[in-house]
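Here the structure comes first, spelled out in structure tokens, and everything after it is commentary.
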Amino acid sequence: MSSRTAQRLLTLQRHLGWPQAGDMAMESSPLTTHVLDTASGLPAQGLCLRLSRLEAPDQRWMELRTSYTNLDGRCPGLLTPGQIKPGTYKLSFDTERYWKERGQESFYPYVEVVFTIAKETQKFHVPLLLSPWSYTTYRGS
């Protein structure tokens with residue numbers, strides 16, 4: 001994503017009232033993610049991601065939100081405290097589009113990180129370290 005496109009996205013997010021860096025809403029969010037492009041050593045800005053929850057009894061994924069990482073590679077405020085509930089969640093990162101926009105071939109067309117939230121009172125941070133040929137994730141703080 002070009003810096004001009006990223007700036008337009010940020011303007012649109014502000015217009016829609018989405019949380020921005022430093023906003024209290026972002027800091028109180030129970031679920032956040034941060035993506036670093038380890039090939040360039042920079043935040044992965046403009047990476048599309050989708051948050052889903054596994055719903056009972058049919059065990060189907062219900063998409064809760066689609067978002068993009070900001071200029072710092074972060075996607076704060078994926079859920080509000082009232083939206084989070086115990087269950088199995090999935091963050092799907094559209095890595096193929098991200099690398100294609102940078103003129104880079106990649107091995108993984110998408111990365112899915114599936115995790116369990118047992119207590120809705122906790123905070124969850126899911127970092128992703130990304131290169132065209134590998135990725136690493138862990139439960140952050």
Side-chain angles (χ1 to χ4, degrees), residues 1-56 58-141:
M1 170 182 292
S2 72
S3 61
R4 186 175 178 171
T5 303
Q7 188 58 43
R8 279 189 255 154
L9 177 60
L10 286 175
T11 300
L12 178 61
Q13 288 175 338
R14 282 188 203 104
H15 177 73
L16 294 172
W18 291 8
Q20 301 298 312
D23 282 356
M24 187 56 93
M26 176 182 75
E27 293 168 7
S28 66
S29 174
L31 178 61
T32 58
T33 188
H34 186 200
V35 185
L36 295 174
D37 177 341
T38 58
S40 69
L42 298 170
Q45 63 180 353
L47 175 67
C48 181
L49 60 100
R50 288 175 176 76
L51 173 66
S52 303
R53 183 175 50 230
L54 193 61
E55 295 295 323
D58 58 356
Q59 297 296 296
R60 291 184 187 225
W61 290 106
M62 181 177 84
E63 189 172 307
L64 303 174
R65 179 161 182 182
T66 298
S67 193
Y68 292 84
T69 55
N70 64 18
L71 294 174
D72 193 34
R74 297 180 185 275
C75 194
L78 289 168
L79 290 175
T80 64
Q83 291 175 310
I84 196 166
K85 64 181 185 179
T88 302
Y89 290 79
K90 174 173 64 174
L91 280 170
S92 300
F93 299 88
D94 186 355
T95 54
E96 182 174 50
R97 182 174 8 168
Y98 174 80
W99 292 117
K100 278 185 178 177
E101 288 174 352
R102 282 147 187 82
Q104 173 71 49
E105 181 183 340
S106 68
F107 184 67
Y108 298 102
Y110 58 90
V111 171
E112 291 187 335
V113 180
V114 179
F115 54 97
T116 302
I117 292 178
K119 295 181 182 178
E120 66 271 10
T121 57
Q122 294 180 323
K123 292 196 181 273
F124 300 89
H125 183 62
V126 184
L128 179 65
L129 306 176
L130 185 62
S131 88
W133 315 115
S134 66
Y135 66 90
T136 302
T137 187
Y138 55 95
R139 180 172 178 186
S141 58

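Being a predicted model, the structure only gives us computed values, none of them experimental.
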- If you round to the nearest 0.5 Å, how far is CZ of Arg53 from CG of Leu64? 5.0 Å
- Okay, side chain of Ser106, backbone of Trp99: is any donor-acceptor separation there less than 3.5 Å? no
- Task: Keeping the roles fixed (side chain from His34, backbone from Asp72), state whether a donor-acceptor pair exists under 3.5 Å.
- Result: yes
- Could you check if a side-chain atom of Arg60 sits within less than 4.5 angstrom of a side-chain atom of Glu55, using non-hydrogen atoms only? no
- Task: Over all heavy atoms of both residues, which pair between Thr66 and Glu63 is shortest? Give the atoms and the distance, please.
- Result: OG1-OE2, 2.6 Å
- Closest non-hydrogen atoms of Lys85 and Ile117, given as atom of the first, atom of the second and distance, are O-CG2, 4.2 Å
- Message: How close do Ala56 and Gln59 get, counting heavy atoms only, and between which atoms?
- Response: CA-NE2, 3.9 Å
- Atom pair CG/CG of Asp94 and Leu49 - distance to nearest 0.5 Å: 9.5 Å
- Message: So does Ala44 get a backbone contact from the side chain of Thr69, meaning a donor-acceptor N/O pair under 3.5 Å?
- Response: yes
- Quick one: are Leu128 and Leu91 in side-chain contact, heavy atoms under 4.5 Å? no
- Shortest non-hydrogen contact from Pro76 toward Asn70: CD-ND2, 4.1 Å
- Heavy-atom distance under 4.5 Å between the side chains of Pro43 and Leu71, does that happen here? no
- Message: Could you check whether any side-chain heavy atom of Cys75 comes within less than 4.5 Å of a side-chain heavy atom of Val35, counting everything from C-beta outward?
- Response: no
- In sequence, state the C-alpha distance, the side-chain angles, and the governing distance for Tyr135 and Thr95, and then conclude on side-chain contact (heavy atoms from CB on, under 4.5 Å). CA-CA 10 Å; Tyr135 66 90; Thr95 54; over 6 Å; no
- Message: Less than 4.5 Å apart, side chain to side chain, heavy atoms only: is that true for Pro86 and Glu120?
- Response: yes
- Query: What distance separates Gln122 CD from Leu31 CG, expressed to the nearest 0.5 Å?
  - Reply: 12.5 Å
- Compare every heavy atom of Tyr89 with every heavy atom of Trp61, then report the nearest pair and how far apart it is. CZ3-C, 3.8 Å
- Item | Any side-chain heavy-atom pair of Leu36 and Leu129 under 4.5 Å | yes
- Spell out, as yes or no, whether a donor-acceptor pair under 3.5 Å connects the side chain of Thr116 to the backbone of Thr88. no
- Do other residues, nucleotides or ligands put more than 12 heavy atoms under 6.0 Å from Glu105 CD? no
- So do Leu47 and Gln45 actually touch side chain to side chain, heavy atoms under 4.5 Å? no
- Message: Per the salt bridge (charged side-chain N to carboxylate O under 4.0 Å, His left out) rule, what does the pair list look like for residues 130-141, sequence neighbours excluded?
- Response: none
- Item | N/O donor-acceptor pair under 3.5 Å between Thr33 side chain and Pro127 backbone | no
- Item | Considering all heavy atoms, the nearest Ile84-Pro30 contact | CD1-CB, 3.7 Å
- Indicate, with yes or no, if the rings of Phe115 and Phe124 have centres closer together than 6.0 Å. no
- Enumerate the residue pairs fulfilling salt bridge (charged side-chain N to carboxylate O under 4.0 Å, His left out) with a member in residues 106-117, sequence neighbours excluded, ordered by first and then second residue. Lys90-Glu112
- With sequence neighbours left out, write down each residue that passes ring pair (Phe, Tyr, Trp, His ring centres under 6.0 Å) with Tyr110, or none if nothing qualifies. none
- Message: Let's go through Leu54 and Val114 carefully: what are the C-alpha distance in whole Å and the side-chain angles of both, what is the deciding distance for side-chain contact (heavy atoms from CB on, under 4.5 Å) to 0.1 Å, and is it a yes or a no?
- Response: CA-CA 10 Å; Leu54 193 61; Val114 179; over 6 Å; no
